[in-house]
Every structure is written in C-alpha cells, then in structure tokens.
**Student:** 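One structure, pasted below without further comment.
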Amino acid sequence: MSEEKTAGQILEEKLLSKSRHPSMSDPSLEGEANGFCEGYKAFLRWKTEREAVEGTVSMLRERGYSEFAPGTAYPPGSKIYMENRGKALIMATVGKRPVADGLRIGVSHIDSPRLDFKPNPLFEDSEMAYFKTHYYGGIKKYQWTAIPLSLHGVVALADGERIRVRIGEEEGDPVFCVTDLLPHLAQNQMKKTASEVVEGEQLNILIGCAPYRDEKVSAKVKLNVMRLLNDRYGISERDFLSAELCAVPAFRPADVGLDGSMVGAYGQDDSVCAYASLMAEIEARDPEFTTVTVFADKEETGSDGNTGMRSLFFRDFVEDFASAYGLQARHVLKKSVCLSCDVNAAVDPAFGDVFERGNCSFLGRGPVVSKYTGSRGKYSTNDASAETMGFIRGILDGAGIPWQAGELGKVDIGGGGTIASEISVHNLDTVDIGVPVLSMHSPMEITSKTDVYLLYRAVSAFYSSAAEKD
Ligand code: MN
Ligand code: MN
C-alpha cells in the first residue's frame, strides 16, 4: 500500500516540472526507437550533402514524389521535391487547407565538418604521397589524426563529364589516414595548446608509398598514385582543379553501449534531424497544412553560397509554389511556422563545468527545444517569441511527446548558431528543435536512440497538426 501524499507533494506535482527518462512511462518506446534507428543508421552511410541528396531523391521517387514543376497548382495530397545543384533539397506534401493559410516547414542541414581537398592536393615527401586538405567547418584538428578516413566527392571534367569518387566505405576498400607524432618524440608538441597540437597544414592524408619503377622519374610515389587514380577514374592531376573531394571518418554507424541504446557515427550533426524530418515528411498523408521539408548545405561554414540557407533557393521555391495559387510568397511565409531542426550539446559529466544543468539538454530525455541560440548577449540568434514557443509546446504536449528545453551551455562559455536566423529573415515564425549530441563535430558523435525517434515523432506531430497559429 502506498502512503498517502502530503499536501506539499500534491502541490509539488501540480506546480513544479520534473523530468525523467521518457521510457519510464512508456515501455514500448525503447523497441520503437531501436527499430526506427535501423533506418537511421542506413541513412548515415551517406556522408556528404551530395550523397544525402542523391540517396534521398531516390527514396522520394520510390515513394511517389515527383519533381516540382513551377506554375502547377497541385491538389491536396500531392508530393513534390526540388533539388538544388545536387547539394540541397526541398520536399513538400500539399495540405488540405488553402496554401494561403501558411506552411509547416522543417529545415535541417546535410553538410558536416570534414577535410576538404585543396585545389592542388597531391604531393610527395620522403617517398610518401599525400593529399593536402583545408578543413571544412569547426573541428578539433587533433581528433582527425590516426583514424581511418574514406574519400568522397566528384571530379568535373572539362568536357562536362562528372566522375563520382567514393573509396573506403566498402568491405575490401583501402582507407586513408592523417598521421600523428609518436609520444616518445612529442615533448614539444604536448606543450602546445590544443588548437596548435596539430595544425591545419599538417592535416595531410597519406595515400601511398609504393614507387613507379622508373629511375628517370623524380616523384615516383606521386606518379604511381596518379597512375592508379587514372586507372580507376580516368583522371589526371589537372582534374583536381575542378573537383570537390573530401575525407571523412570511415567508421560505420554503430550501436553504442552494452544496452545498444545509442548511435555512434560521423555526421549525426545534422543527419539525425534530416532523417527524422525526412521520415515525418514521407509519412505525411493529407496533412492539414502543406508541409515543406528542407535539406540545406553549407551550414557548417555559415550558410553562404547558393546551396546554403542564405541563398534565395528556398524563397524562390515558395514564390513559385505560391504563385500557382495566385498568392505571393511573403503572405504565405508570414502565416507559416518553421522548425529549425539541428542538434544541441548534451550535458557531458566529463566536462560538466561548461553546462548550466537547469537549462541544458540531457541524452535520452527527448528532443530539445531552444528558444534561442547564439553567443554572448544572444548575438546572431532567432529568439522565438513566447507565442511561437507556446504554439509548438501545445502541439508536442497535445501529442504526448516528451521533450526538454535547453540552450547550448553556460552563458559566457561560448555558443553557436543554427539556420533559424537565416530562416526567420523571411518573416517566418521559427523555433529550434533537435537532438542532444555527445562529442559534437568529432569523428564519432553519440546520440540516444530514444531522442532520435522522439524527434521524428515531434516533427510528425507538427506536420499533421491542425492547430492554427494566433
Ligand atoms: Mn548543425
Ligand atoms: Mn555543426
């Protein structure tokens, strides 16, 4: 027999909020999350924005999506997509309500930190051949040494032909590596600050050490490597000038922990949100409002460029889509709501001093909603209004989805932004939501399967909700 609750306990339940692991009150959650994350791990094998777009488009086509044709007034239930240069993607399901009532938008990014090749990457030193790199996005450079790397990208030939490169992902493929100094000789290196322990110009990828056997040739190893690339792809050294190649961790996505409760993989920032919103988009059937799901490129370098969220491609799509119904984009966007889906920092007890535990997110407690991001005095932040927060809260609570609220870390310790500020510029009510991540931007990021699945449920609830704004 349970003891009777005291007046204080009753008041506490009524007035104070308490967070607990969502599976404590929902025993079926763990199994559902595990099942959902099998598909997620398959999605994570696409490690660049180009691979994510290509793979997603083929999924969309299999599921009845057709390429968006500007000027068409699509009937409710129609599923369409628009690709931008093979690096960004917009998908939509036309709702039952008039487009004039606004859209329900979910935006995430599909680029992740990595080592991009320089335009003239190939060189030989000490009878070893290397590719020179220029890192892309915010990385701790020392984390990228002494781990297996795979090569990805495209080479565009002068005659217009495009050659796809992907080495190091399949069984039997070779992998590549950036070397590090042995501890025995690292006395001086170990005294350096972490940002200088390995410097940008030391991030050279080792690709071979076998010579081309001809005494008359000076750079024998380099020539041998170029010969192998020519055999495989038909390219010569000059073709690197019109290429986009990069190295990423070659690890396969894996279950982490004895309980298998987590996913460990490269690129979960922000493939986790991309996959969750993609599944919500695909499963949207006759939604009340038109859903629009966006995969953006270039978030990790500031959203610039014509495939980044600062590009007008999103605005142009809304303009083209709305004009077929006799509407203007600005009127539709003003009535719309957007979830900016991106990861957040999970509290890590090993580095507990950077987190303010009352306002940070915890692994396993569900998706994290952030009213604002940014740094210092809320610089470069979207800062969702109380009304918009209330609107989203109503949808999540109404659908019984556990979630948490949090910001990145302690106020003066650093900070970071998302594409929420690039989206809200369209006079669009926007809220940040995402999955807490451990070891963000490292070669092996960690997420909780429960959080991944609950983010999908959250975006689904948002897409299927009939709730009206204001
Ligand atoms: Mn991100
Ligand atoms: Mn990031």
Side-chain angles (χ1 to χ4, degrees), residues 49 68 70 82-85 87-92 99-111 137-138 269-270 273-274 277 281 289-323 325 327-344 368-392 407-408 415-434 459 462-463 469-470:
E49 61 280 0
F68 172 59
M82 188 190 83
E83 208 181 302
N84 180 16
R85 296 172 168 82
K87 297 182 180 193
L89 186 62
I90 299 177
M91 305 148 258
V99 173
D101 290 352
L103 313 168
R104 295 293 175 262
I105 303 166
V107 181
S108 56
H109 67 93
I110 47 172
D111 62 316
D269 173 9
D270 188 27
C273 298
S277 59
E281 164 62 44
F289 295 88
T290 297
T291 67
V292 177
T293 305
V294 183
F295 285 1
D297 177 30
K298 293 282 183 283
E299 192 277 342
E300 296 295 356
T301 54
S303 296
D304 297 306
N306 58 10
T307 52
M309 213 56 226
R310 287 190 182 181
S311 153
L312 293 178
F313 80 91
F314 166 72
R315 182 68 176 227
D316 289 347
F317 168 80
V318 177
E319 186 77 59
D320 285 342
F321 179 72
S323 65
Y325 302 92
L327 303 164
Q328 288 188 302
R330 66 177 191 274
H331 299 138
V332 175
L333 288 165
K334 195 182 170 193
K335 299 209 100 184
S336 302
V337 186
C338 176
L339 292 182
S340 165
C341 305
D342 205 347
V343 296
N344 212 315
V368 50
V369 178
S370 299
K371 186 178 184 298
Y372 51 85
T373 59
S375 56
R376 293 169 289 136
K378 291 192 174 181
Y379 278 77
S380 309
T381 185
N382 160 57
D383 210 345
S385 68
E387 292 84 349
T388 309
M389 288 295 287
F391 177 76
I392 295 302
E407 54 179 302
L408 200 68
T418 65
I419 42 185
S421 49
E422 328 297 341
I423 284 280
S424 55
V425 89
H426 299 291
N427 194 21
L428 174 55
D429 285 321
T430 307
V431 184
D432 275 294
I433 187 169
V459 180
F462 171 67
Y463 281 174
K469 198 175 65 153
D470 298 328

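Residue numbers count from 1 along this sequence.
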**Student:** Measure the CZ-CZ distance between F462 and F289 for me, rounded to the nearest 0.5 Å.
**Tutor:**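 Answer for the CZ-CZ pair, F462 versus F289, is 9.5 Å.
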
**Student:** Can you give me the closest heavy-atom contact between Y463 and T293, atom names plus distance?
**Tutor:**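 Minimum heavy-atom separation between Y463 and T293: OH-OG1, 2.7 Å.
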
**Student:** Check whether any side-chain N or O of S311 sits under 3.5 Å from a backbone N or O of T307 as a donor-acceptor pair, and report yes or no.
**Tutor:**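 The answer is no, because no donor-acceptor pair under 3.5 Å joins these two groups.
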
**Student:** Quick one: are V337 and I392 in side-chain contact, heavy atoms under 4.5 Å?
**Tutor:**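 Yes; the side chains approach each other to less than 4.5 Å.
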
**Student:** Shortest non-hydrogen contact from G415 to S375?
**Tutor:**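 Reported closest heavy-atom pair: CA-CB, 3.8 Å.
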
**Student:** May I have all residue pairs that pass salt bridge (Lys or Arg N to Asp or Glu O under 4.0 Å) and include part of residues 327-342, sequence neighbours excluded?
**Tutor:**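 Passing the test, one end in residues 327-342: no pairs.
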
**Student:** Quick one: does V431's side chain get under 4.5 Å of K371's, heavy atoms only?
**Tutor:**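 The answer is no, as the side chains (C-beta and beyond) never meet within the 4.5 Å cut-off.
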
**Student:** Calculate, to the nearest 0.5 Å, the distance between atoms CD1 and OG belonging to I105 and S277 respectively.
**Tutor:**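 It comes to 12.5 Å.
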
**Student:** Minimum heavy-atom separation for S380 to S421, with atom names?
**Tutor:**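 That closest heavy-atom pairing would be O-OG, 4.1 Å.
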
**Student:** Check whether any side-chain heavy atom of E387 sits under 4.5 Å from a side-chain heavy atom of D429, and report yes or no.
**Tutor:**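 The answer is no, as the side chains (C-beta and beyond) never meet within the 4.5 Å cut-off.
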
**Student:** What distance separates N344 CG from D432 CG, expressed to the nearest 0.5 Å?
**Tutor:**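 Between N344 CG and D432 CG, I get 8.0 Å after rounding to 0.5 Å.
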
**Student:** Sequence neighbours left out, what passes salt bridge (Lys or Arg N to Asp or Glu O under 4.0 Å) with E407? Give chain and number order.
**Tutor:**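 For E407, no residue satisfies salt bridge (Lys or Arg N to Asp or Glu O under 4.0 Å) once neighbours in sequence are set aside.
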
**Student:** Which pairs pass salt bridge (Lys or Arg N to Asp or Glu O under 4.0 Å) with one or both residues in residues 290-307, sequence neighbours excluded?
**Tutor:**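 Counting only pairs at least two positions apart or across chains, the salt bridge (Lys or Arg N to Asp or Glu O under 4.0 Å) contacts touching residues 290-307 are D304-R310.
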
**Student:** Could you check N427 against L333 for side-chain contact (heavy atoms from CB on, under 4.5 Å), going step by step and ending with a plain yes or no?
**Tutor:** CA-CA 7 Å; N427 194 21; L333 288 165; 5.9 Å; no

**Student:** Would you confirm whether D270, through its side chain, and H109, through its main-chain N or O, come within 3.5 Å as a donor-acceptor pair?
**Tutor:**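 It does hold such a pair.
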
**Student:** List the atom of E49, the atom of K87, and the distance in Å for their closest heavy-atom pair.
**Tutor:**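 Closest heavy-atom pair between E49 and K87: CB-O, 3.7 Å.
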
**Student:** Taking side chain as C-beta onward, heavy atoms only, is F295 less than 4.5 Å from M91?
**Tutor:**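 Side chain of F295 against side chain of M91, heavy atoms only: contact under 4.5 Å found.
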
**Student:** I want to check something: taking the side chain as every heavy atom from C-beta on, are V107 and F314 in contact at a cut-off of under 4.5 Å?
**Tutor:**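 V107 vs F314: side chains apart.
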
**Student:** Once you round to the nearest 0.5 Å, how far does CZ of F313 lie from CG of N84?
**Tutor:**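 Spacing of CZ (F313) from CG (N84) equals 5.5 Å.
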
**Student:** Roughly how far, to the nearest 0.5 Å, is CG of D383 from OG1 of T430?
**Tutor:**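 Those atoms lie 11.5 Å apart.
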
**Student:** To the nearest 0.5 Å, how far apart are CE in M309 and OG1 in T418?
**Tutor:**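 Separation between the atoms: 11.0 Å.
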
**Student:** Check for a donor-acceptor pair, side chain of T373 on one end and backbone N or O of G417 on the other, with a separation under 3.5 Å.
**Tutor:**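 Answer holds: no.
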
**Student:** By salt bridge (Lys or Arg N to Asp or Glu O under 4.0 Å), which residues pair with D320, not counting sequence neighbours?
**Tutor:**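 With neighbours one apart ignored, the set is empty.
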
**Student:** Listed by chain and number, what are the ring pair (Phe, Tyr, Trp, His ring centres under 6.0 Å) partners of F317, not counting sequence neighbours?
**Tutor:**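 F317: ring pair (Phe, Tyr, Trp, His ring centres under 6.0 Å) contacts with F68, F321.
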
**Student:** Starting from the C-alpha separation in whole Å, work towards a yes-or-no answer on side-chain contact (heavy atoms from CB on, under 4.5 Å) for N382 and S340.
**Tutor:** CA-CA 10 Å; N382 160 57; S340 165; over 6 Å; no

**Student:** Which heavy atom in I423 sits nearest to a heavy atom in C338, and how many Å separate them?
**Tutor:**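 In this case the closest contact between I423 and C338 is CG2-SG, 3.6 Å.
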
**Student:** Identify, with sequence neighbours excluded, every residue that meets side chain to side chain donor-acceptor pair (under 3.5 Å) alongside S108.
**Tutor:**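 With sequence neighbours excluded, S108 shows a side chain to side chain donor-acceptor pair (under 3.5 Å) to no residue whatsoever.
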
